[in-house]
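Structure record follows, encoded as structure tokens.
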Amino acid sequence: MKAKATLKQIAKELNVSVSTVSKALNDSPEISESTKIKIKEYAKLKNYKPNVIGLNLKNRKTKTIGVIIPNILNSFFAKVFSGIEKVADEKGYNVIMCISNESLEKEAHTLEMLSNGTIDGFILSVSEEAQKLHEYNHFKEIINDGTPIVMFDRIAEGVECDKVIVDDFDSALNSTQHLINLGCKNIALFSSVDNLSVGKLRAEGYLKALEKNNIPVNENLIIRTDSEAHLKDKIKAVFDNNKIDGIFALDENDSVAALKIGLKKGYKIPKELSIIGFADGILASRRLSPSLTTVSQHGIEIGEVAAKLLIDRLESKEEDLPYETVVIKTKLKERESTRKL
């Protein structure tokens, strides 16, 4: 007895999307007659039978959104989630949250598991491993199967979907410029997020600010790594071997480490050293002394915008609604770790 073919197999063999195969088999007017005939004949040849249960699941609205975040310990993701939940609740949707733990395999497994009729669409931030390997096919397959995705913060270039991002490059450029305006001339860059799209954009903004102000790049003051474990030792080495008067840190943990190590090394902050950190968690703003000047990413707003984009798409009568990329502007929150030198 011949094994039954699936929509995915037919799509792969004919080099078309799963949605094209589905529309052709359902006589959609969007598909040309020649393509319909080709797909129907091939499906018959391959013993394709529609999965009625699967179709019912696909056609039934669950009023549930799947949210996949890379890291539960990051306060930024917690803020985004609260924004998503607020809008979902207002619109009558439930939310299922899953954590990828920065794993490509777990991210792909969660997408596949929840897209089988459990949820209507996804809101997610891409895992570190997926960004490191530039592996985004699992997102494309889910979208081609008809389940919409909204990406936020860390996005996958080349994947067509709605996206919500912050102006990482401009924020970093403006933050570095702020340090220069305060009188800083030897500004260090500390990053443990260089694998991530956001880390790369922030580093580029820092370098652009130096270039605009004719400040030569000093590689001895730049730490770009993808590991928090090695960052502290490298920060200590920068303090021991260089004269610095400013620090721009690209992640909350990086900025906290910079402040603590700077104080241990005897620097008076902000009298001798000004520090700006990216992200605006409780640790940076309330539990450190001096409190940190930070770039606030407006996590709650990002979550609200992402949820609205997804729900608008789910409830739209238009089949080919154009994808949107919404840019949320950050804000520099000045606290005790910066002052004019």
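All residue numbers in this chain count up from 1 along the given sequence.
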Do the side chains of His230 and Ile223 get nearer than 4.5 Å, heavy atoms only?
->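 Side chain of Ile223 against side chain of His230, heavy atoms only: no contact under 4.5 Å found.
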
Over 12 non-hydrogen atoms of neighbours within 6.0 angstrom of [atom1] in [X]:
X	atom1	result
Glu272	CD	yes
Lys36	NZ	yes
Glu30	CD	yes
Glu90	CD	yes
Lys40	NZ	yes
Lys200	NZ	yes

Quick one: do Leu73 and Val126 end up in the same hydrophobic cluster if we chain Ile, Leu, Val, Met, Phe, Trp and Tyr together by side-chain heavy atoms under 4.5 Å apart?
->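 No; tracing contacts between hydrophobic side chains, which count when under 4.5 Å, never links both residues.
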
Is Tyr93 reachable from Leu114 through a run of hydrophobic residues whose side-chain heavy atoms are each under 4.5 Å from the next?
->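 Looking at the clustering, Tyr93 is in a separate group from Leu114.
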
Pick from Asn174, Thr176, Ile180, Leu182: which one makes a side-chain contact (heavy atoms from CB on, under 4.5 Å) with His178?
->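 That would be Leu182; it is the only one of Asn174, Thr176, Ile180, Leu182 passing the side-chain contact (heavy atoms from CB on, under 4.5 Å) with His178.
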
Among Leu309, Thr325, Leu310, Val326, the one residue meeting side-chain contact (heavy atoms from CB on, under 4.5 Å) with Asp162 =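 In the set Leu309, Thr325, Leu310, Val326, the residue that makes a side-chain contact (heavy atoms from CB on, under 4.5 Å) with Asp162 is Leu309.
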
Determine, using ring centers only, whether Tyr267 and Phe239 are less than 6.0 Å apart.
->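 Phe239 vs Tyr267: aromatic centres under 6.0 Å.
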
Distance in Å, [X] [atom1] paired with [Y] [atom2], rounded so as to fall on 0.5 Å steps:
X	Y	atom1	atom2	answer
Ser191	Leu189	OG	CG	6.0 Å
Thr225	Asp254	OG1	CG	9.5 Å
Asp168	Thr330	CG	OG1	8.0 Å
Lys12	Ser17	NZ	OG	15.0 Å
Ser125	Ile68	OG	CD1	10.5 Å
Arg313	Ile149	CZ	CD1	11.5 Å

Reference residue Thr294; test side chain to side chain donor-acceptor pair (under 3.5 Å); the match among Lys333, Glu334, Arg335 =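 Only one of Lys333, Glu334, Arg335 forms a side chain to side chain donor-acceptor pair (under 3.5 Å) with Thr294, namely Arg335.
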
Sidechain N-carboxylate O distance under 4.0 Å for Asp120, Lys61 |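 Here Asp120 does not pair with Lys61 in a salt bridge, since their nearest N and O are not under 4.0 Å apart.
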
Residues Lys208 and Glu211 bridged, charged N to O under 4.0 Å =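 Result for this pair is yes, salt bridge flagged.
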
Establish, from distance only, whether the side-chain atoms of [X] and [Y] form a donor-acceptor pair under 3.5 Å.
X	Y	value
Asn195	Gln131	no
Asn71	Glu102	no
Ser103	Ser100	no

With a cut-off of under 6.0 Å to the ring centre and 45° to the axis, is Arg202 in cation-pi contact with Phe278?
->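 Cation-pi check for Arg202 and Phe278: passes.
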
Describe, in one word, how the ring planes of Phe77 and Phe152 are oriented to each other, choosing from parallel (under 30°), tilted (30 to 60°) and perpendicular (over 60°).
->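 Rings of Phe77 and Phe152: perpendicular, over 60°.
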
Between Ser337 and Thr293, what is the shortest heavy-atom contact and its length?
->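 Here Ser337 and Thr293 meet closest at OG-N, 2.8 Å.
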
